[in-house]
Structures are given as structure tokens and as C-alpha cells.
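Notes for the one structure printed next.
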2 protein chains.
Amino acid sequence: MAADLSTTSYALLGLLALDPDDPAEGLTGYELKQRCDFTMRYYWVSPATSQIYTELARLDRLGLVDVTEEGTGRRSTRRYALSDAGRERLLTWLTTSEPDFPVLKHPVALRLMFGHMVEPEQVERWLATYIAQLEERTTELRAVREMLGDDARLRSPARVAEWGLAYFASERAISEDLRKQVADGDGGPVT
Amino acid sequence: MAADLSTTSYALLGLLALDPDDPAEGLTGYELKQRCDFTMRYYWVSPATSQIYTELARLDRLGLVDVTEEGTGRRSTRRYALSDAGRERLLTWLTTSEPDFPVLKHPVALRLMFGHMVEPEQVERWLATYIAQLEERTTELRAVREMLGDDARLRSPARVAEWGLAYFASERAISEDLRKQVADGDGGPVT
DNA sequence: ACAGCCATGTAACTCGTTACATGATTAC
DNA sequence: GTAATCATGTAACGAGTTACATGGCTGT
């Protein structure tokens, strides 16, 4: 019993806890995936659709979610809502577990590490592309932030969105600085 | 042939390419693990020791590394160096692959998302611990940066270390800001 | 009639981890 | 002699991915 859940499981429980469509109707796996894409991916991950369903089945087996089945036709639609046990479990995790230090997988920084092997133009391309992607993500996340508004119940997610925006801004500044360094001839392959 | 390698494989090839002990003696799996711990973990990952050996065996099978076996006693010590094919393969990857957008797994930000469920003191504890960890990491990374010095051949890794330091500084600033917000009563559980 | 979104799931596989097993060399 | 460090690997497992399969509902 109480087999330990992965952090992703807790993240899903958390999303269910945040469900704003109050009257405990719950969310479908499909909707959950959308919410992951919408916010969670910025500072955790957005699990594959198939994993969401697998995870929901597990949470159901453990009694941490309440399932409502709407049998429309031959195929059913399941809505998942946080159960009392689920809420308690989430709360226990929040109050007793020690958060690990963040893990960053940064393919641009990794490549930059070997920048001495390629032309400086290549390094500039990496950085330029990254900066463009940062701009896109920033626009998206800004929209998320705005959608969260000033609702007191959504203050925490809103704060996290702001954290993300600050992070993107910092990444942008660093990347632009590096780009300038490289453009100023301070790089290139060492033969 | 040319089965695609994982990014971690390329990262290891890259570390071999950076090997400063010039005369192509190469590195042992053990040493490689130390170098991963030393720098790569800050912006990629430090694979488990067992994975390093598995990966090295694969790279050997593919002819991307040259292996020198020193049979001291019953047990051997293997030194791995980048082969010509390996260098070419790494270069191809650097010049033709598109870096993915970074993935951040941020357990503190994730928990903060659900901060409305717990006491503000809990949120402050998360942030305080994170800030303390950031300080430690900053000290460590600063040492790495200094060790890399001004050697032209190590300019790229040095730049990445500086990137990491800027990132830590930004995280610290954001965390401290959030901590202040929470301390100013702008939080707490919404019952 | 067909495209596109809503919705759920299985199977095969990869990557990476932890736990375990082993043994040589160096420092005290 | 014994603890720490150097050094190499196997086995079992878990978390997550991609590819695939299925089918209803909605708008044009």
C-alpha cells in the first residue's frame, strides 16, 4: 500500500486539485493533456498522452481519483476528479517531501560546450535560433499568465508563470550576450 | 549502420574531444564520470556510472572510440580516446542537428504551483532551501569556471560555465523575490 | 463526404536508474 | 591490516516515448 508515486503522478493530482470547473465534474485525460501542454511543460514536462491515461488508471486503482463514466455510445468518456484520499496524499507529499534540485537539459548549452570545433557562424546560428524560440515561448507564457488573471485561487500558478517569464528573460539576456561575444570574433574553431 | 546516437552519447564524445591530456591517451570510464559530475551535470545530466560503461561499449562497437587496454593484473583498465570516425560523427551532429528547446524539471516551481494548498511557511521553506542549494552550486561552478582559466582551447566550456553562473544568479533573484512576496502575506492556503 | 478535433488505449522499445558484485591500488 | 579511492561491469526495473489502432462528434 501507498506505493510511492512518481513526481509526474503528483503533478497530475495537483492539476486536478487546481481544476477551476468547481463542481467536481473532473477532467478527461484529453483535457489533462492540454493543461500539461498549457502550463506544466514550462517547468516540469508534458507527458505523452498515452502516459497520462496509464497514470490515470494507476491513480484510479489507488483510489486517489474519483471516476465518472459517461457512456456516450459504444465508447465511454471518463472524467477524473481528485478524491479525498487523493487530496490528502497530495498534501502529504507537499508537506513532507524535499524538492530535488532542478534538472536542466540544455541542448544549446551542451553544443556550445564544443563550440571550438565548429565555425563561429554555427554557434551564432544556434544562439539565434534559441533566441527566436525563447521569444515564441515568452509570448505563449505571457498569454498563460494573463489567462490566470488575479483570481486568488490561481495566485500560485500565476506566480509560477511569472517565474517562467523571468527565466526566459534571463536566458534571452545571456544568449544575446554570448552571441555578441562570438560575433566579436572571440570564438571559432581551434585547429 | 550509423544507428542514431542519443544526445548523451554525443556528450560523451564531446568530453573525449575536450580531453586536455593531449597525447591521445584517452580517459577511463571512471574519469569520464568525474568530468560529467564536474561540468556536464549543470546543463545536461551526469549519467550513472553504469551507463557510462554501457555507452562506451556501444561507442567502441561503432568504432567511434579507440580503446587502449592496460592489463594490470587480472583486471584491465581501458582508456578511451576519440577516433577519427568519432570526431567526424560528432562534427556532423554539431553541424547538422537542430538543438531542441531546453527541458527544465523544476521540483520547486512545480510545488509552488500548488502553494495555495499549504501554509505560507511551507512555501518559504521550499524557497529558502532552494536558495541555499543555489549558493552551494554557485560556489562549485565558480570553482569550475576558475579551473578552466583563459586557455583558448577551453574558451567554449568556460563560456558555458559562465552561462550557468548567470542562470543561477537569475534563479536566486527570482526566488528571493518570490520569498519576499510570500513573506508579505501575499499567499497562504485558500480554504 | 471528408477533415479535424475529441477521446482512449495497447505494444514495443529506449534511456537511464538503483542495487549488486568484483577486484586492484594507495594512504594511513 | 584496513579504509578509501580507482575501476569495471551485470541484472532488474521504472519512467517515459513513439507508433499504432480505434471510434465518436462537429462543421463545411
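Lettering follows sequence order; numbering is per chain, from 1. It should be emphasised that the depicted structure is a prediction, and the values quoted were computed from it without experimental measurement.
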Apart from B:Tyr53 itself, members of its ILVMFWY cluster (side-chain separation under 4.5 Å) are B:Tyr30

Just how far, in rounded Å, is [atom2] of [N] from [atom1] of [X]?
X: B:Gln34; N: D:dA7; atom1: CD; atom2: P; value: 8 Å
X: B:Arg35; N: D:dA7; atom1: CZ; atom2: P; value: 12 Å
X: B:Ile52; N: C:dC15; atom1: CD1; atom2: C1'; value: 14 Å
X: A:Glu70; N: D:dG24; atom1: CD; atom2: C1'; value: 14 Å
X: B:Asp37; N: C:dT17; atom1: CG; atom2: P; value: 11 Å
X: B:Leu56; N: D:dA7; atom1: CG; atom2: P; value: 13 Å

Between its two end axes (five pairs each) the helix from C:dA1-D:dT28 to C:dC28-D:dG1 turns, nearest 10 degrees, through 20°

Sorted by chain and number, sequence neighbours left out, side-chain contact (heavy atoms from CB on, under 4.5 Å) with A:Ser175 holds for A:Leu127, A:Tyr130, A:Ile131, A:Leu134, B:Trp163

- Are B:Thr8 and B:Trp44 close enough that a side-chain donor and a side-chain acceptor fall under 3.5 Å? yes

Item to check | Side-chain donor-acceptor contact under 3.5 Å, B:Ser9 with B:Glu55 | outcome: yes

B/S/- along nucleotides 8-16 of chain D (protein heavy atoms under 4.0 Å) is BSB-----S

Practice item. Could you tell me whether the side chain of B:Ser156 and the main chain of A:His116 form a donor-acceptor pair under 3.5 Å? Key: yes

Contacts of B:Glu135 meeting salt bridge (charged side-chain N to carboxylate O under 4.0 Å, His left out) (sequence neighbours excluded), chain-then-number -> B:Arg172

TODO: Look at all strands and tell whether B:Glu69 reaches a base, only sugar-phosphate, or nothing, counting heavy atoms closer than 4.0 Å.
DONE: nothing

More than 12 heavy atoms of other residues, nucleotides or ligands under 6.0 Å from CD of B:Glu88: yes or no?
no

Across all chains, not counting sequence neighbours, the side chain to side chain donor-acceptor pair (under 3.5 Å) partners of B:Thr54 are none

